Undergrad: 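Here it is, the structure, as structure tokens.
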Amino acid sequence: MPGDSSKVNINSGGAEKNTYDAIVIGSGISGGWAAKELCEKGLKTLVLERGRNVEHNKDYPTATKDPWELKHRGRITKETHEQNPLITKAAGYGEDNQHFFVNDKDHPYVQEKPFDWIRGYQVGGKSLTWGRATQRWSDFEFTGPQRFGYGWDWPIRYADVAPWYSHVEKFIGICGNKDGIESMPDGEFLPPFDLNVVEQHLKDSFLKNYGNRYLVHARWAHLTKPNQIHLDQGRAQCQARNLCMRGCPFGGYFSSNSSTLPWAAKTGNLTIRPFSVVHSIIYDDKLQKASGVRVIDSVTKETTEYFAKIIFVNGSALNSNLILLNSTSARFPNGLGNDSGILGKYVCFHNYRGWMSGHIDGFEDKYVYGRNPTDTIIANYRNLHKIDTDFVGGFTTFAGAYRERGDGDRCPEQIGAAYKEAMTEAGPWHVYAYVQGETIPKAINHVRLSADKKDQWGIPLLVTSVGYDDNDERLLKDFFTQTEEMLTGAGVKNITHSDSKQAPGLDIHEMGGCRMGNDPNNSMLDKWNALHHCKNVFVTDGACMTSTGNQSPSILYMTLTARAANHAVEELKKGNL
Ligand SMILES: Cc1cc2nc3c(=O)[nH]c(=O)nc-3n(C[C@H](O)[C@H](O)[C@H](O)COP(=O)(O)OP(=O)(O)OC[C@H]3O[C@@H](n4cnc5c(N)ncnc54)[C@H](O)[C@@H]3O)c2cc1C
């Protein structure tokens, strides 16, 4: 059978030497949080990371470079494009940060339907390159699928996670404004980045014209005014350089590398093992629980087993599905904990296809000072208390305004004297908006293991079979119609909209496959993110998502991870795991 882990040739390093209290698979956004919480609670914790080590600051080679110091001024060469047609599509990918993304050829997978799987395999994972938007979910999102019959019910509600959101926000640092909006609860905010004059105008106009459509300050993982806990992490105030995806030498935005991992290391309880590809989780039939993991050294290809009482699976949503599907045993022939047969199903994502822009007059005497690494947010206003559209789910709109300067329309030649001239003068105010839409989890949107294709470590390739549906088309249409109406009402002109028709996955918010739920016949994980049928394995990355909501998901992964880690330690103390 594909991925039958009983057929792996084991070259064990010796059980005692390789035994820890806890193992965390993956060192990205969620794995970093698992490591922090478990180490702080005194557990000797092994973090297994398939990629290379990336040490905060030391391994940010471009962080302080000016454009002229980069060989191609930050642009991607034709050769890189041709060799990496997939990963070069990732938002923000450039010459300055390509070392934090995988190469296409090294990490193949099978696209049964087009799916752009964007990955960053290194210590820190995608926490180095993420966009940093961090709004909280509301109960509208937790209850929407069940209330309106388009999905499975979550086993938790906002009240279950609210204190854990606070726990995470205080530690990582989130800037924002307390706006009191029902659909986007307030958090523990540091001061926000200011709205500029046009953004303030849009905010006022939307409120005046609709009464319940809120444009608010960015809620973003930036230290606008660090507290002691941030200084204790060795981080400093965000300098608003807006070069975040290179790694920040100030630790001005949250990454695992600048925050959770060094914090975990300070306890003396952390061991990170880079170059360690987790092949599968070992299930002990006698103990009826997981006993450890099998790891292939990515360089030597040697296989080793590591053992622990609890295992956190944080490889990022689709990799966690892959690991679980590949963890077969006599008890679980279809993947660890997969009695229900739903592992790998109900994979979902965010609809990121819509973009709008335009110009606005009347503010030519106003300017902005400094850079702003954030976008303002229009909180979801659709399908909250009732379905008020022809689709289900909601959407968040990110928006903003800036003064053009030497931009394409006014100066098509991006080089030479005319360009220099155009750069010296501030142009018109440009307004933009883009969508982050909820999608419906469906059994047909799934991932599975290839029956015949393997990667260079002998692990079956992942097959992705994920597509859009009519609901996505209707949501997108509504975003265009409503946003055009709102912008027109605010005096924005020359409004254009574009549907990128991008494949799912390029949103980089892949979720599901190992969803939470109360019923073990229809879900993989209980309300504490533990596998229903293997209670010492916790899955707390995007794989656990029962539905997608419309908020940026990563802060929820961190929140669920912290909550689950604390529960796991309590259960350990009681002798239940
Ligand atoms: C350009 C960009 C913009 C984004 N913007 C936002 C945003 O604004 N807001 C938001 O909420 N999210 C955003 N995201 C998404 C966010 O980065 C992810 O949701 C988040 O990183 C997921 O955390 P994770 O821990 O699940 O995975 P990751 O951070 O990807 O970490 C997973 C780690 O596991 C390792 N791993 C995988 N498989 C194995 C294995 N078999 N063995 C050992 N190790 C393994 C990987 O190498 C990686 O280091 C963005 C992402 C990108 C790239």
Side-chain angles (χ1 to χ4, degrees), residues 23-35 46-54 87 89-94 97 100-102 107 116-137 218-221 244-245 253-257 260-261 272-281 293-298 312-324 326-327 349-350 352 373-375 377 396 398 436 455 457 459 462 505-511 539-545 549 551-561:
I23 289 174
V24 177
I25 304 172
S27 63
I29 283 190
S30 61
W33 261 94
L46 173 67
V47 173
L48 294 163
E49 168 53 54
R50 66 180 301 153
R52 68 190 168 97
N53 194 20
V54 171
I87 199 72
K89 291 186 214 168
Y93 182 101
N97 56 36
F100 291 147
F101 291 89
V102 298
H107 301 287
D116 292 331
W117 188 15
I118 304 300
R119 288 156 292 165
Y121 289 167
Q122 61 260 327
V123 168
K126 297 194 294 286
S127 77
L128 286 160
T129 53
W130 71 312
R132 310 164 310 279
T134 43
Q135 319 83 259
R136 289 186 179 201
W137 273 45
R219 298 174 177 192
W220 240 249
C244 315
M245 287 176 76
Y253 76 94
F254 166 79
S255 68
S256 307
N257 311 64
T260 42
L261 292 174
I272 301 187
R273 194 182 195 281
F275 301 112
S276 302
V277 183
V278 171
H279 170 280
S280 51
I281 296 169
V293 298
R294 294 189 183 88
V295 170
I296 303 174
D297 186 294
S298 68
F312 270 70
V313 188
N314 297 100
S316 80
L318 298 194
N319 270 314
S320 291
N321 274 278
L322 196 164
I323 292 165
L324 292 167
N326 203 34
S327 301
F349 55 95
H350 274 147
Y352 250 82
T374 68
D375 292 320
I377 304 168
T396 294
F398 293 107
Q436 179 171 282
D455 68 13
W457 299 280
I459 297 174
L462 196 69
L506 200 54
D507 43 288
I508 328 183
H509 288 181
E510 63 274 13
M511 297 173 235
V539 183
T540 63
D541 59 17
C544 77
M545 298 288 276
Q551 308 295 0
S552 310
S554 306
I555 193 162
L556 184 54
Y557 308 162
M558 298 189 238
T559 298
L560 292 172
T561 302

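Just the heavy atoms: all of them, side chains too, but no hydrogens, waters or symmetry mates, feed the values below. Start at 1 and go down the list; that is how both ligands and their atoms are numbered. On a predicted model such as this, the values are computed, not experimentally measured, just so you know.
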Undergrad: Ignoring angles and geometry beyond distance, decide whether A133 reaches within less than 3.5 Å of ligand 1 through its nitrogen or oxygen atoms.
TA: yes
Undergrad: Could you tell me, atom by atom, which parts of ligand 1 come under 4.0 Å of a heavy atom of L48?
TA: 43 (C), 44 (N)
Undergrad: Using a 4.0 Å cutoff against the non-hydrogen atoms of G120, which atoms of ligand 1 qualify?
TA: 47 (O), 48 (C), 49 (O)
Undergrad: Counting only heavy atoms, which portion of Q122 has something under 4.0 Å from ligand 1: side chain, backbone, both, or neither?
TA: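 Looking at Q122 and ligand 1, just backbone atoms fall under 4.0 Å.
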Undergrad: Please confirm whether G51 comes within less than 3.5 Å of ligand 1 when only nitrogen or oxygen atoms on both sides are compared.
TA: no
Undergrad: Short list, please: which atoms of ligand 1 are under 4.0 Å from a heavy atom of A91?
TA: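 Answer, ordered by atom number: 1 (C).
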Undergrad: Compute the shortest N/O to N/O distance between V278 and ligand 1 and return yes if it is under 3.5 Å, no if not.
TA: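 N/O-N/O distance under 3.5 Å: yes.
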Undergrad: I'd like to check which ligand 1 atoms, numbered from 1 as shown, lie under 4.0 Å from a non-hydrogen atom of G26.
TA: 33 (C), 34 (O), 35 (C)
Undergrad: Under 4.0 Å, heavy atoms only, figure out whether ligand 1 is touched by the backbone of I323, its side chain, both or neither.
TA: side chain
Undergrad: Under 3.5 Å, N or O to N or O, is T129 touching ligand 1 that way?
TA: no
Undergrad: With atoms numbered from 1 as shown, which atoms in ligand 1 lie under 4.0 angstrom from a non-hydrogen atom of V277?
TA: 42 (N)
Undergrad: Does only the side chain of R132 get under 4.0 Å from ligand 1, or the backbone, or both, or neither? Count heavy atoms.
TA: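 Backbone only.
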Undergrad: Quick one: does W130 get an N or O within less than 3.5 Å of an N or O on ligand 1?
TA: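 N/O-N/O distance below 3.5 Å does not exist for this pair.
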Undergrad: Under 4.0 Å from a heavy atom of D541: give me the atoms of ligand 1 that qualify, with their elements.
TA: 26 (O)
Undergrad: Hey, is P553 touching ligand 1 through its side chain, its backbone, both or neither, going by heavy atoms under 4.0 Å?
TA: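 For P553, the contact with ligand 1 is made by both the backbone and the side chain.
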Undergrad: To the nearest 0.1 Å, how far is atom 18 (C) of ligand 1 from its closest protein heavy atom, and which atom is that?
TA: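 Closest protein heavy atom to atom 18 (C) of ligand 1: S554 OG, 3.4 Å.
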Undergrad: Considering only heavy atoms of I508, which atoms of ligand 1 have at least one such atom less than 4.0 Å away?
TA: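 This gives 1 (C), 2 (C), 15 (C), 51 (C), 52 (C), 53 (C) as the contact atoms.
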Undergrad: Can S276 be said to touch ligand 1, with heavy atoms closer than 4.0 Å?
TA: yes
Undergrad: Hey, is N314 touching ligand 1 through its side chain, its backbone, both or neither, going by heavy atoms under 4.0 Å?
TA: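 Answer for N314: backbone.
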Undergrad: Which residues pass the salt bridge (charged side-chain N to carboxylate O under 4.0 Å, His left out) test with R119, sequence neighbours left out?
TA: none
